[in-house]
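As structure tokens, the structure follows; a few thoughts come after it.
Computed from a predicted structure; not experimentally measured. For the numbers below, each heavy atom of this structure counts, side chains included, while hydrogens, waters and symmetry mates do not.
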Amino acid sequence: MMKRFGIMLVVWFVAFALCPFHVFAEPGVELAAQARSAVLMDALSGKILFEKNSHEKLPPASITKVMTMLLIMEALDQGKISLKDKVRVSEKAATMGGSQIFLEPGEEMSVEDMLKAIAVASANDAAVAMAEHIGGTEEHFVELMNKRAAELGLKNTHFQNSNGLPADNHYSSAHDIAVMSRELLKHPEITKYTGIYEDYLRKNSPKPFWLVNTNKLVRFYPGVNGLKTGFTSEARFCLTATAKRDHMQVIAVVMGEPDSKIRNKEVSQMLDYAFNQYTNLMVYKKGDLIARKQVPKGKPEWVEFRANRPLGLLIRKGEDPKSYHKQIIWNNIEAPIKKGQVLGKVQVSKEGRAVAELELISTQDIQKASMWSNFKKTLRKIFFID
């Protein structure tokens, strides 16, 4: 009996140590009592603070549009589309039911207004119009959605459409929604749209349309600036919400809530728990200088390394920040070096255990210096010439 217990203990410890997102919530903490599933995640580190049935496959309703918005933001970043591009509305897009802005066949609207309609009003017609604009057809766009889900390692997600209207074999999980929400927040400009409470489309036209955010927490919970609600009779009331205070941003996902009032109440409690119990210790902001490193026989000889993303630590309030230590671990650095090559990492540790890392990546090609260049460098050193 004791031997079996010992084996189980070792297996549990190894599983915990290898898990990339440790669950921080204390035993006995009860959140999202009426949700079918839920997750509370720190957006910067990906640490999970609380979860409940987080990997259960459930209909996501309009939370599907988190992936739709992610592909829109990535297409914008890649220069495939621009905010000013005009999107022509097809017959198919115009016939979408549910939440909509009543687009008409042949109507043209800018990418920015379409994005606003999706983010604020959860417009199914705008989602399909954008899917067709980027993918050529909605079917091809859905293929791109599923491909992106696979790249993010989402094991319990499969899409059949771009808007979340009920469909067979269309599902996700609270955990997967939190991961895709975190990826969307890597495009911080999205909150310019998801954080709108009310606005107009076609404001100066004969057919203005008043937008009101389906996420009421944008107005009533301090710091909430997104992300997406969802409802169908099958999915019930769902929400992925994000709130930011100082350097700390959290994501709260609930699925299968009985009504919108309880949904908002339980998400607010999850956010309260996160902000009351934790804080974020910022190690590097994006763009911060981390180190300068000499590349022997390299041209150029010195290179700078800056943070290509923020590096922060989620710590409990009252915890001593000095208990965390950072060090730079370099790889063997020798010219020539290619742009994008990993040359080392910053590692943050506590009590000898690594808790966070950031790769140090070359932002340029570094050629191997010629013999003549190396000879001139040697002469400069000998004669103390800068």
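- Using a 4.5 Å heavy-atom cutoff, the side chains of Asp199 and Val120 are not in contact.
- Between Glu257 and Lys265, none of the side-chain N atoms (NZ, or NE/NH1/NH2) sits under 4.0 Å from a carboxylate O, so this pair counts as no salt bridge.
- Annotation: side chain of Arg88 is not in contact with side chain of Met109 (no heavy-atom distance under 4.5 Å).
- Ion pairing between Lys84 and Glu112 fails under the 4.0 Å rule for side-chain N and carboxylate O.
- Using a 4.5 Å cut-off on side-chain heavy atoms (C-beta onward), His133 and Val111 make contact.
- In the model, Asp77 has a side-chain atom that pairs as donor or acceptor with a side-chain atom of His187 under 3.5 Å.
- Put simply, CD on Glu198 and CZ on Arg219 are 6.5 Å apart, with the number rounded to the nearest 0.5 Å.
- Considering only heavy atoms from C-beta on, Arg292 stays 4.5 Å or farther from Val303 through its side chain.
- A side-chain donor from one of Tyr221 and Asp272 sits under 3.5 Å from a side-chain acceptor of the other.
- To the nearest 0.5 Å, the span separating CG on Leu58 from SG on Cys238 amounts to 7.5 Å.
- In the hydrophobic cluster analysis, where Ile, Leu, Val, Met, Phe, Trp and Tyr join through side-chain heavy atoms closer than 4.5 angstrom, Leu314 is grouped together with Met270.
- In this structure, the side-chain contact (heavy atoms from CB on, under 4.5 Å) partners of Arg309, at least two apart in sequence or on a different chain, are Leu311, Leu358.
- Proximity of Ile337 to Asp365: side-chain heavy atoms (C-beta onward) are nowhere separated by under 4.5 Å.
- A heavy-atom distance below 4.5 Å is not found between the side chains of Leu239 and Val253.
- Checked for salt-bridge contact, Glu107 and Arg202 meet the test: a charged N lies under 4.0 Å from a carboxylate O.
- Taken together through direct or relayed side-chain contacts under 4.5 Å among Ile, Leu, Val, Met, Phe, Trp and Tyr, Leu44 and Ile48 form parts of separate hydrophobic clusters.
- Residues Met96, Val128 make up the rest of the hydrophobic cluster containing Leu165, defined by ILVMFWY side-chain heavy atoms closer than 4.5 Å, directly or through other members.
- Pairing each heavy atom of Arg182 with each of Ala43, the nearest pair is NE-O, 2.8 Å.
- When only modelled atom types and interatomic distance are considered, Asn53 and Ser37 share no side-chain donor-acceptor pair under 3.5 Å.
- Side-chain atoms of Lys65 and Ser122 include a donor-acceptor pair closer than 3.5 Å.
- The pair Glu357-Lys345 meets the salt-bridge criterion, with a side-chain N (NZ, NE, NH1 or NH2) lying under 4.0 Å from an Asp/Glu carboxylate O.
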Would His140 and Glu132 count as a side-chain contact (heavy atoms from CB on, under 4.5 Å) here? Give the steps.
CA-CA 8 Å; His140 183 240; Glu132 293 174 338; over 6 Å; no
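- Contact of the Tyr324 side chain with the Ile315 side chain is registered, since non-hydrogen atoms from C-beta on lie closer than 4.5 Å.
- The nearest pair of heavy atoms linking Ala356 to Leu313 is CB-CD2, 3.5 Å.
- Ser45 and Asp42 share a side-chain donor-acceptor pair at under 3.5 Å.
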Determine, step by step, whether Phe209 and Tyr200 satisfy the side-chain contact (heavy atoms from CB on, under 4.5 Å) criterion, reporting the C-alpha distance in whole Å, the side-chain angles of both residues, the deciding distance to 0.1 Å, and the verdict.
CA-CA 5 Å; Phe209 190 88; Tyr200 278 92; over 6 Å; no
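- Taking a cutoff of 4.0 Å between a charged side-chain nitrogen and a carboxylate oxygen, Glu319 and Lys350 qualify as a salt bridge.
- Tyr197 and Phe220 have perpendicular rings, their planes meeting at more than 60° on a 0 to 90° scale where under 30° would count as parallel.
- When the shell of 6.0 Å around CG of Asp246 is examined, it contains 12 or fewer heavy atoms from other residues, nucleotides or ligands.
- Under the 6.0 Å distance and 45° angle rule, Arg245 counts as a cation-pi partner of Phe275.
- Note on Asp288 versus Arg306: no salt bridge recorded, every NZ/NE/NH1/NH2 to OD/OE distance being 4.0 Å or above.
- Defined by atom type and a distance below 3.5 Å, a donor-acceptor pair is missing between the side-chain atoms of Ser323 and Glu351.
- Classification of Glu183 and Lys186 as a salt-bridged pair holds, one side-chain N sitting under 4.0 Å from a carboxylate O.
- Asn163 approaches Asn124 most closely through the heavy-atom pair CB-OD1, 3.4 Å.
- Val254 and Tyr171 fall into different hydrophobic clusters, where Ile, Leu, Val, Met, Phe, Trp and Tyr residues are linked whenever their side-chain heavy atoms come under 4.5 Å apart, directly or through other members.
- Nearest heavy atoms, Ala117 versus Ile101: CB-CD1, 3.6 Å.
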Take Phe159 and Met67 through the test side-chain contact (heavy atoms from CB on, under 4.5 Å) and record every step on the way to the result.
CA-CA 9 Å; Phe159 300 110; Met67 181 60 81; 3.8 Å; yes
Tell me, with the steps shown, if Lys293 and Leu343 meet side-chain contact (heavy atoms from CB on, under 4.5 Å).
CA-CA 10 Å; Lys293 183 69 173 173; Leu343 300 181; over 6 Å; no
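- Judged by distance alone, the side chains of Glu138 and Ser162 do bring a donor and an acceptor atom under 3.5 Å apart.
- With contacts defined as side-chain heavy-atom distances shorter than 4.5 Å, the pair Ile177/Ile251 does not qualify.
- When the side chains of ILVMFWY residues are joined at heavy-atom separations under 4.5 Å, either directly or via intervening members, Tyr273 and Val267 end up in a single hydrophobic cluster.
- A continuous path of Ile, Leu, Val, Met, Phe, Trp and Tyr side chains, each step under 4.5 Å between heavy atoms, connects Leu217 with Met248, placing both in one hydrophobic cluster.
- Taking CG of Asn264 as the reference point, atom OG1 of Thr229 lies at 9.5 Å (rounded to 0.5 Å).
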